[in-house]
Amino acid sequence: MTGISLKVLSTITFTLMSAIIKLIIDEIPTGEVVFARNFLGMIPVFVMMAAQGQLPVAIKTRRPLGHFLRAIIGVTAMSLNFAALAFIPLPDATAIGYAAPLLTVVMAVFILKEIVGVYRWSAVGVGFVGVVIILAPNLGSSQLDQETAIGASLALTATLFMAGAAIIVRKLITSERSATIVLWFSASSSVLALTTIPLEAIWPSQTWVMPEGWQWGMIVATGLLGGLGQILMTTSYRFADASTIAPFDYTTIIWATALGWVMFDEVPGPTVIAGAAVVIAAGLFVLYREQHLGIDRTRSRCASTPSKS
């Protein structure tokens with residue numbers, strides 16, 4: 001219950017961070033928001049690692065290029081996702097993001113050479129049908145404005161990069177500590193975000209600005225909430241198996257709907273709700289199959305290992 005509670009708290013924290021970003025993304029350029037999210041987000045992460053005595057070992061790594069590649073892909077996903085919030089409702093962006101685990105399964109086949117059976121392929125197919133249902137009002141009607149279509153496209157592209165980042169993390173976790181992955185991602189992402197400053201020469205709307213009083217508060221809150229959410233999520237895995245708490249990622253649709261309604265007067269339409277339900281069901285089935293196959297592999301290894309008694 002502790003692990004589940006921490007996981008749910010992390011989803012609330014991340015959703016609140018997204019809502020705040022939606023408030024300021026029209027006035028603060030995306031690169032500047034990404035920088036604040038990662039640079040200020042390191043503050044609570046540093047505090048946690050220092051308190052646990054992990055800071056010295058977390059800095060050390062044998063795979064700096066792997067971390068940097070993950071940061072490039074992760075920052076791209078983050079930037080696209082933040083940009084999408086300027087065009088589409090928060091619940092819609094959240095629901096589209098649920099496609100990331102399904103795309104991860106597909107990428108795992110081609111990149112990690114994982115074997116995926118008919119059940120998981122079927123779940124992926126059903127999940128993508130759900131994504132199409134969500135996107136239909138945004139991309140399939142000429143009556144809707146172009147900005148909505150752009151936002152949906154940005155959110156969908158972001159899920160592709162999110163899946164790519166997850167694949168790299170799967171490879172990094174075989175030799176790197178979780179604390180190392182978190183720290184290097186935040187630091188590398190902060191540096192990469194700074195490279196967007198020269199964009200003002202060709203993209204005036206992305207010129208970095210000096211925030212006003214209330215904007216400073218929002219920017220600081222974005223970073224601190226991002227770091228706090230990372231801590232809550234990471235800590236939750238110390239109290240429960242990943243397969244137990246992973247399904248609670250989908251509670252974000254509850255918080256996104258509530259915050260979208262209260263803060264932006266956004267109410268998801270029936271197609272978004274129906275599509276999200278289909279994607280969530282497919283994602284939960286994929287999680288179930290991966291857990292079941294993991295148990296079977298463990299039993300197989302135990303059966304093939306000679307007894308030491």
Side-chain angles (χ1 to χ4, degrees), residues 10 13-14 16-25 27-52 54-86 154 157-158 161-162 164-166 168-169 172-173 176-203 205-211 215-235:
S10 75
T13 303
F14 282 130
L16 181 58
M17 179 197 74
S18 296
I20 292 174
I21 289 172
K22 186 172 176 63
L23 280 174
I24 63 174
I25 198 64
E27 302 176 13
I28 307 294
T30 303
E32 192 170 348
V33 175
V34 171
F35 174 78
R37 157 66 182 90
N38 290 287
F39 184 74
L40 296 176
M42 285 193 293
I43 296 175
V45 174
F46 268 123
V47 172
M48 180 197 71
M49 290 181 180
Q52 295 178 347
Q54 294 183 341
L55 194 55
V57 294
I59 297 175
K60 299 177 181 178
T61 179
R62 292 173 290 177
R63 304 174 67 180
L65 293 180
H67 289 289
F68 195 65
L69 178 60
R70 189 256 169 145
I72 292 174
I73 297 176
V75 163
T76 302
M78 189 180 295
S79 301
L80 292 169
N81 191 43
F82 289 176
L85 292 173
L154 288 171
T157 307
F161 282 92
M162 288 165 61
I168 296 177
V169 170
L172 287 174
I173 202 66
E176 301 288 279
R177 299 178 179 86
S178 297
T180 303
I181 294 174
V182 171
L183 186 59
W184 272 76
F185 174 72
S186 297
S188 300
S189 298
S190 300
V191 173
L192 288 170
L194 290 174
T195 64
T196 64
I197 295 177
L199 280 178
E200 62 181 82
I202 58 175
W203 199 350
S205 64
Q206 293 302 306
T207 301
W208 283 39
V209 299
M210 180 62 68
Q215 292 173 340
W216 272 115
M218 296 296 97
I219 285 179
V220 171
T222 295
L224 296 182
L225 285 171
L228 178 60
Q230 191 73 52
I231 290 173
L232 291 169
M233 181 181 68
T234 303
T235 307

Could you report the tightest heavy-atom contact between [X] and [Y], atom names first, then the distance?
| X | Y | result |
| --- | --- | --- |
| Q206 | G31 | OE1-N, 4.1 Å |
| P211 | I219 | CG-CD1, 3.5 Å |
| I168 | G66 | CG2-O, 3.9 Å |
| S186 | N38 | O-CB, 3.7 Å |
| S18 | L85 | O-CD1, 3.6 Å |
| L194 | P198 | O-CD, 4.1 Å |

Item to check | Result of checking I231, V57, L55 against M49 for side-chain contact (heavy atoms from CB on, under 4.5 Å) | outcome: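 For M49, the side-chain contact (heavy atoms from CB on, under 4.5 Å) test succeeds with only one of I231, V57, L55, which is L55.
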Item to check | Residues, nucleotides or ligands: over 12 heavy atoms within 6.0 Å of R177 CZ | outcome: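 No.
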Item to check | F14, CZ: over 12 other non-hydrogen atoms inside 6.0 angstrom | outcome: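 It does: F14 CZ has more than 12 such atoms within range.
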Quick one: pull up [atom1] in [X] and [atom2] in [Y] and give me the separation to the nearest 0.5 Å.
| X | Y | atom1 | atom2 | value |
| --- | --- | --- | --- | --- |
| S189 | F68 | OG | CZ | 9.0 Å |
| S205 | E200 | OG | CD | 11.5 Å |
| M48 | M42 | CE | CE | 13.5 Å |
| K60 | L183 | NZ | CG | 13.5 Å |
| T222 | I20 | OG1 | CD1 | 5.5 Å |
| E27 | M218 | CD | CE | 11.5 Å |

For the residue pair [X] and [Y], establish whether any side-chain heavy-atom pair is separated by less than 4.5 Å.
| X | Y | answer |
| --- | --- | --- |
| P29 | T207 | no |
| W208 | L199 | no |
| M17 | T13 | no |
| W216 | M210 | yes |
| L228 | L224 | no |
| L40 | F35 | no |

Checklist entry - Will you find, in the side chains of H67 and S188, an N or O donor that is under 3.5 Å from an N or O acceptor? => result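 Side-chain D/A pair, H67 to S188: absent.
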Next on the checklist: Testing the 3.5 Å rule here: is there a donor-acceptor pair between the side chains of E176 and T61?
Outcome noted: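 Present: a donor and an acceptor within the cut-off.
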What pairs of donor and acceptor atoms, side-chain ones from residues 69-81 against any protein atom, are under 3.5 angstrom apart with sequence neighbours left out?
residue: T76; atom: OG1; partner: I72; partner atom: O; Å: 2.8
residue: S79; atom: OG; partner: V75; partner atom: O; Å: 2.8

